[in-house]
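From a predicted model like this one, the values you see are computed outputs, not experimental measurements.
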Amino acid sequence: MDWGNVTVEDLVDALREVDWSSPPRPLSEFFSRFTVPKSLAKWDSRLKCNLYYYRTNYFIMIVFILGLGFLTRPLAILSSLLTALTVAFLNDSFAGSFSEKATRTIRSFSPQLAAKMRPPLAPVIRGRPSPKRAIHICGQPRWVFVLIFSLVSFALWYISCGLFTVSLALLIGLLATILHATLRTPNLKARLNTFREEFRAVWRNYSEI
């Protein structure tokens, strides 16, 4: 797969749809080989490849840096966690997994409430379920959870007076991510993972025909 031909929109869509529940890459691999890209095209390709392959590591690193910035402000730490959860809800796989686990937990003590949290049935087109449907969390459209968590997190940011701190910590986290993705040489595992994800996407599209 030529990452140089992948647009930013394609990368964002891939990060939104890919499974984020996989564990992060080992630190020995994450901090393995670093080289300076020889051209702008190689830098562009390497940046996109590493952002996709080490996505979980970068997410944890940004959350960790945000946590370090709020060691003396517990309320701001809660705001960071809610903000991270809001961003995670934008990923289809995480939203579905969160909804399934929450429904299963509630079913253990309230089956009636769990039954109301089931997502609506997928629309049927020409006798087959539509492959594209809105993502639901605990029976509600995803945007409802994203909106509620965003409002709560923004309110906590305002109360804790940590907007400047979070902006600085987030900037440091993003710069660290871009710096690592720029200098980390893509390894064989990254290339094999890319081919595997590409095959899965092709097979999924074929199965929907």
Side-chain angles (χ1 to χ4, degrees), residues 1-37 40-71 76-98 135 142 145-146 149-150 153-154 157 162-198 200-201:
M1 181 177 181
D2 186 6
W3 283 94
N5 296 327
V6 177
T7 64
V8 177
E9 291 78 8
D10 294 335
L11 179 62
V12 172
D13 290 339
L15 292 175
R16 181 177 59 85
E17 296 175 0
V18 77
D19 184 13
W20 283 68
S21 60
S22 58
R25 310 296 175 183
L27 292 179
S28 58
E29 177 185 346
F30 190 62
F31 296 104
S32 181
R33 295 178 55 195
F34 295 93
T35 58
V36 178
L40 183 62
K42 288 186 177 295
W43 170 79
D44 181 69
S45 177
R46 178 186 297 186
L47 182 67
K48 295 172 184 175
C49 179
N50 286 333
L51 286 176
Y52 183 83
Y53 183 69
Y54 295 109
R55 56 187 178 274
T56 307
N57 297 73
Y58 293 143
F59 182 78
I60 294 176
M61 182 174 65
I62 292 176
V63 173
F64 178 75
I65 292 176
L66 287 173
L68 290 179
F70 299 114
L71 290 178
I77 296 179
L78 178 60
S79 304
S80 301
L81 294 177
L82 289 178
T83 302
L85 189 60
T86 303
V87 175
F89 279 149
L90 299 177
N91 177 259
D92 296 351
S93 177
F94 179 86
S97 177
F98 178 88
I135 303 298
R142 172 169 53 184
F145 275 77
V146 172
F149 277 77
S150 298
S153 61
F154 285 148
W157 283 126
L163 290 178
F164 175 77
T165 306
V166 70
S167 300
L168 182 60
L170 185 60
L171 179 61
I172 294 175
L174 292 177
L175 289 177
T177 298
I178 294 176
L179 181 63
H180 181 277
T182 296
L183 299 178
R184 177 64 173 92
T185 304
N187 55 13
L188 180 60
K189 288 184 179 180
R191 296 187 178 96
L192 292 177
N193 182 77
T194 297
F195 292 140
R196 183 170 63 252
E197 296 294 342
E198 186 179 32
R200 288 176 179 175

Looking only at heavy atoms, what is the nearest atom pair of [X] and [Y], with distance?
X: T86; Y: S150; value: CG2-OG, 3.2 Å
X: L90; Y: R142; value: O-NH1, 3.2 Å
X: E29; Y: Y53; value: OE2-OH, 2.7 Å
X: P24; Y: I60; value: CG-CD1, 3.8 Å

Query - Sequence-distant partners of F30, ring-ring contact (aromatic ring centres under 6.0 Å, His included), two or more places apart - result: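 Per chain and number, F30 pairs via ring-ring contact (aromatic ring centres under 6.0 Å, His included) with Y54, Y58, H180.
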
Query raised in the report: When you look at CZ of F64, are more than 12 heavy atoms from neighbouring residues, nucleotides or ligands closer to it than 6.0 Å?
Result: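 Incorrect, the count does not exceed 12.
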
Checking [X] now: which residues fulfil side chain to side chain contact (heavy atoms under 4.5 Å, CB included) with it, not counting sequence neighbours?
X: L171; value: L175
X: S32; value: R184
X: L174; value: I62, L170
X: V63; value: F59, A84

Requested in this report: Measure from the side-chain N and O atoms of T177 to the backbone N and O of G173, and report whether any donor-acceptor pair falls under 3.5 Å.
Outcome: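 Flag set: sc T177 to bb G173 pair under 3.5 Å.
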
Query - Partners meeting side chain to side chain donor-acceptor pair (under 3.5 Å) with T83 (sequence neighbours left out) - result: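 Residues passing side chain to side chain donor-acceptor pair (under 3.5 Å) with T83: W157.
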
Query - T35: partners by side chain to side chain donor-acceptor pair (under 3.5 Å), with sequence neighbours left out - result: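 Expected list: R46, T185.
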
Report task. Would you please classify the geometry between the F34 ring and the F31 ring as parallel, tilted or perpendicular, with 30° and 60° separating the classes? Result ->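 Ring orientation of F31 relative to F34: tilted.
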
Query raised in the report: Does some side-chain heavy atom of F94 sit less than 4.5 Å from a side-chain heavy atom of L85?
Result: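 Counting from C-beta outward, L85 and F94 do come under 4.5 Å.
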
